[in-house]
Amino acid sequence: MVKNTLMEIYDKMSAAFGPRHWWPAESDFEVIVGAILTQSVSWKNVEKAISNLKAANLLSVDALLTVDKDKLTGLIKPTIYYNQKALKLKNFCNYIKHNYNGDIYKLFENDIWQMRKELLSINGIGPETADSIILYAAKKPIFVVDAYTRRIFSRLGFFPNNVTYQVMQDLFMKNLPPNVELYNEYHGLIVELGKAYCKKNKPLCTKCPINTHCLWMTNKNDQVNVTG
DNA sequence: GCCCAGGGGGCTC
DNA sequence: GAGCCCCATGGG
């Protein structure tokens, strides 16, 4: 039964890593900025950028809207793609300014799927970023899927490696209760497990706390080979 | 020098 | 809707 298996995996990861208590940020707005900056970048790089923005007192909708674009790109340089991301930050702030008078909490008053629809309409915000904002900033129960989720759970045999985002998200949301704390921890634990034991192009490690659930993986393309 | 890290947009067919 | 390229730093 998928439901039980998902909870067993959760319990094992939780026992191995302890509570994650994501997202590491001082404010909900900082969560949003981090969600945009972390796209395809390790969190370490994002920390530097956030720290730069904080020092420049730019962690607000109005500040990000008025700051010179070149200055902004300079501050977020550690996060790669800084030109694109500077625009993305401004796009988001622009949307909030014009539709919610600059108040992100007015956006949060929408129901989950309406909020998701609006976020996805903003250039620079895709499924993972939107869902991270909804779960970790708005604190509403939506399951965040990422590259680690795909890699780990395809290796576990839940779905093929080329599965879509939506199919993955549906699996978790149909089999887990809509609980913000649970979704928060589950995604955080997946990332932790992924970083420690499920690297790209490398087989799952025997020390992995959920290896009893694993189908063994041997070749470079993350294809799953069943060995029992 | 090489690979990769908590994606998304835009284009092609 | 899948497949591909672009973006372009910093650490191991």
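Note on naming: letters A, B, ... go to the chains in the order of the sequence lines (proteins, then strands), and numbering restarts at 1 for each one. Side chains included, hydrogens not; waters and symmetry mates left out as well; all remaining heavy atoms used.
Ring-centre distance between A:W22 and A:W43: not below the 6.0 Å cut-off.
Near DNA chain C, meaning a heavy atom under 4.0 Å away, the residues from residues 31-49 of chain A are A:N45, A:K48.
Between A:F153 and A:Y186, the ring-plane angle classifies as tilted under the 30° and 60° cut-offs. Using cut-offs of 30° and 60° on the angle between ring planes, the pair A:Y95 and A:Y100 is tilted. Ring-plane geometry between A:F92 and A:F29 is classed as tilted, the angle between the planes lying from 30 to 60 degrees on a 0 to 90 degree scale.
A:R150 has its CZ atom 11 Å from the C1' atom of B:dG7, to the nearest Å. Computed from coordinates, the A:Y165 OH to B:dG6 P distance equals 15 Å when rounded to whole Å. For the pair A:K77 NZ and C:dC7 P, the computed distance is 15 Å after rounding to whole Å. Residue A:N52 contributes atom CG, which lies 15 Å from atom P of C:dT9 at whole-angstrom precision. To the nearest angstrom, P of B:dG7 lies 19 Å from CZ of A:F92. For the pair A:I133 CD1 and B:dG6 C1', the computed distance is 14 Å after rounding to whole Å. Here C:dT9 presents its C1' atom at 10 Å from NZ of A:K85, a figure rounded to the nearest Å. Rounded to whole Å, atom P of B:dG10 lies 13 Å from atom CD1 of A:I125.
Atom C1' of B:dA5 sits at a distance of 14 Å from the matching atom of C:dC7, rounded to the whole Å. B:dC3 and C:dC5 have their P atoms separated by 15 Å, given to the nearest Å. Comparing the same atom, P, in B:dG8 and in C:dG10 gives a spacing of 22 Å after rounding to whole Å. Rounded to whole Å, the separation between the C1' atoms of B:dC2 and C:dA8 comes to 16 Å. Annotation: C:dC6 and B:dG6 have their P atoms spaced 23 Å apart (nearest Å).
Pairing for C:dC4 is with B:dG10, a Watson-Crick or G-U wobble pair whose two hydrogen-bonding atom distances lie under 3.5 Å. Here C:dG11 sits opposite B:dC3 as a Watson-Crick or G-U wobble pair (both hydrogen-bonding atom distances under 3.5 Å).
The aromatic ring of A:Y148 does not sit over the base of B:dA5, since the test of centres under 5.5 Å and planes under 30° is not met.
Which of B:dG6, C:dG10, C:dA8 sits closest to the side chain of A:D146 comes down to B:dG6. In the set B:dG8, B:dG6, B:dG10, the nucleotide with an atom closest to the side chain of A:K88 is B:dG8. Distances were taken from every side-chain heavy atom of A:I80 (C-beta onward) to each of C:dA8, B:dG6, B:dG9; the shortest belongs to C:dA8.
Counting non-hydrogen atoms under 4.0 angstrom, A:E128 reaches the backbone sugars and phosphates but no base. Residue contacts for A:N162: at a heavy-atom cut-off of 4.0 Å it reaches no nucleic acid atom on any strand shown. Using a 4.0 Å heavy-atom distance criterion, A:L87 is classed as making no nucleic acid contact.
A heavy-atom distance below 4.5 Å is not found between the side chains of A:I112 and A:K117. The shortest distance between side-chain heavy atoms of A:Y136 and A:H187 falls below 4.5 Å.
Closest-nucleotide positions on DNA chain B for A:N123 and A:V191 were compared, and the one nearer the 5' end corresponds to A:V191.
Other residues, nucleotides and ligands contribute only 12 or fewer heavy atoms inside 6.0 Å of the NZ atom of A:K106. More than 12 heavy atoms of other residues, nucleotides or ligands sit less than 6.0 Å from atom CG of A:D111. Within a 6.0 Å sphere centred on CG of A:D68, heavy atoms belonging to other residues, nucleotides or ligands number more than 12.
OP1 and OP2 of C:dC6 both lie 4.0 Å or more from every side-chain N or O belonging to A:N83. Phosphate proximity of C:dA8 to A:Y81: absent, as no side-chain N or O sits under 4.0 Å from OP1 or OP2. When the side-chain nitrogen and oxygen atoms of A:R151 are compared with OP1 and OP2 of B:dA5, one or more of them lie within a distance under 4.0 Å.
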